[in-house]
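These notes concern the structure reproduced below.
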Amino acid sequence: RGRGPRIVRPSAAADPVQDFARSAAAGLASPPRRLESRFLYDAQGSILFDQITAQPEYYLTRTEASILAANAARIRALTGPTNIMELGAGSAAKTDNLLRAWLERSKAVCYFPVDVSLTALLGACKSISARFPAARVIAVNSEYAEAFPLLSQLSPVLVTFLGSSIGNFSRLEMTSFCLALAASMRPGDFLLLGLDLVKRSSVLEAAYNDRAGVTERFTRNIFARMNRELGSAIDLESIEHSARYQAELEQIEIDACFTKRQAFLLQPPGRAITIAEGESVRTEISRKFRLEQVIPELNRCGFGTEQVFSDERRWFALLLLRR
Ligand code: AVI
């Protein structure tokens, strides 16, 4: 009815370009070189990630969606009517099943997608409002943690963190994330957490080395973003994508390997960086989980296990946790 999307940006939110510049300068200064994976998701990266989720080898999104489709009504029965906050909503493609289940039992629902990409959020607002006119969408354009202070006003709330995005954190980062989230939620609020489970390495490696080469483009895009936003002029053709499963650590490790020496300047802060031929930059890890290990960790962070949902192959799990 002519009402535009409602977008809020928490006042504490950092300036994205400054934030990227500072982090890239620190991460690239010396080996082992790394970039924080959260910077993969600019407008272009969010589009590429959406394309990854449609690749035949990338079973995660499809498997999670099937678990959600089969259990959304059950989840709604367990949580009761709540607001929904989705961390890392992207284009909110995975949210349909939940919103449908909520709206089958209530006249309206308030949905708060959180994402760093404004373009992805605008898309999410548009598609959700078109398909679910009874959903009130208030988009939050920020990093996850910057949205946490809103949570106390949203209780009763279901926070969703899907797609095994928590696997992109190191173990330490995951613990601090869970502790901070738990501290921001009220007792009795819920967390719906998607986790990719340990499985055969061939299946895992295929998922991060799709034949169409979309994941390679996704890895290269973080350097394309540096060229766009920080003026780095890196030769993107010199970057090869490598994704290997490290079985001892039970994680996929993604590196950008440089086939030619690169010397460039990051603006601001004007830091000169040289990457030698043959050197690589770690852009992501994607941890894989064992329920018997991760559930006690989550419990120690203040989340009780309400119910565990999985698929027939036990490839993926959706955990409904109660604060
Ligand atoms: C967003 N996240 C859960 C993805 C993953 O599977 O770790 C990111 C990704 N990187 C390459 N492919 C997918």
Side-chain angles (χ1 to χ4, degrees), residues 34-65 67-68 86-95 113-117 120-121 124 143-144 159-171 173-174 177-178 191-225 239-246 249-257 280-289 294 311 315-319:
R34 59 182 294 262
L35 290 168
E36 286 184 82
S37 58
R38 62 194 174 97
F39 295 111
L40 287 159
Y41 303 90
D42 65 342
Q44 190 55 33
S46 299
I47 291 170
L48 287 167
F49 180 66
D50 264 354
Q51 292 174 7
I52 288 176
T53 65
Q55 297 310 302
E57 298 92 341
Y58 197 77
Y59 61 86
L60 288 81
T61 313
R62 264 189 304 282
T63 310
E64 181 179 58
I67 302 170
L68 204 49
E86 176 162 20
L87 300 176
S91 62
K94 40 194 174 336
T95 321
V114 179
D115 206 279
V116 282
S117 166
L121 275 178
E143 299 285 342
Y144 306 135
V159 177
T160 68
F161 195 33
L162 300 175
S164 202
S165 293
I166 203 163
N168 299 129
F169 293 152
S170 69
R171 195 161 175 191
E173 286 166 343
M174 174 171 161
F177 174 88
C178 289
L191 171 64
L192 186 65
L193 186 64
L195 296 173
D196 194 21
L197 302 177
V198 170
K199 62 182 66 60
R200 262 204 331 277
S201 64
S202 56
V203 175
L204 288 168
E205 288 192 345
Y208 294 86
N209 290 285
D210 66 286
R211 294 188 58 162
V214 187
T215 310
E216 168 146 60
R217 264 178 274 155
F218 182 65
T219 299
R220 281 185 179 166
N221 177 61
I222 197 168
F223 297 94
R225 178 179 179 179
I239 297 170
E240 277 173 7
H241 159 91
S242 155
R244 297 224 180 90
Y245 187 57
Q246 223 285 21
L249 296 177
E250 299 186 325
Q251 64 189 24
I252 288 281
E253 298 179 343
I254 302 187
D255 296 297
C257 307
S280 56
V281 176
R282 170 72 39 91
T283 56
E284 280 178 283
I285 59 163
S286 189
R287 297 173 61 223
K288 306 302 161 189
F289 298 93
V294 73
D311 55 293
W315 275 12
F316 202 94
L318 259 187
L319 271 49

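Residue indices begin at 1 and follow the sequence shown. Counting convention: from 1, in listed order, for ligands and their atoms alike.
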Indicate yes or no: at least one non-hydrogen side-chain atom of [X] is less than 4.5 angstrom from one of [Y].
X: Glu57; Y: Arg211; result: yes
X: Leu48; Y: Val214; result: yes
X: Leu68; Y: Leu192; result: yes
X: Glu253; Y: Arg282; result: yes
X: Leu204; Y: Ser286; result: no
X: Phe316; Y: Phe289; result: no
X: Trp315; Y: Leu197; result: no

Which heavy atom of the protein is the closest neighbour of [atom], given with residue, atom name and distance?
atom: atom 1 (C) of ligand 1; value: Tyr41 OH, 3.2 Å
atom: atom 2 (N) of ligand 1; value: Asn168 OD1, 2.9 Å
atom: atom 4 (C) of ligand 1; value: Tyr58 OH, 3.3 Å

From the options Glu57, Glu284, Gln251, select the one whose nearest heavy atom is closest to atom 11 (C) of ligand 1.
->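 Ranked by closest heavy atom to atom 11 (C) of ligand 1, first place is Glu284.
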
Shortest heavy-atom approach to atom 7 (O) of ligand 1 - which of Ser286, Gly194, Gly45 |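 It is Ser286 that holds the nearest heavy atom.
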
Under 4.0 Å from any heavy atom of [X], which atoms of ligand 1 are there?
X: Gly163; answer: 3 (C)
X: Ser165; answer: 1 (C), 3 (C)
X: Tyr208; answer: 5 (C), 6 (O), 7 (O), 11 (C), 12 (N), 13 (C)
X: Ser164; answer: 3 (C)

Ligand 1 versus Ile252: contacting region, heavy-atom distance under 4.0 Å |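 Looking at Ile252 and ligand 1, no heavy atom falls under 4.0 Å.
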
Would you call Gly167 a ligand 1 contact, heavy-atom distance under 4.0 Å?
->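 Outside the 4.0 Å threshold, so no.
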
Hey, are Asp210 and Thr215 close enough side-chain-wise for a donor-acceptor pair under 3.5 Å?
->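 Checked: Thr215/Asp210 side chains pair up, N/O donor to acceptor below 3.5 Å.
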
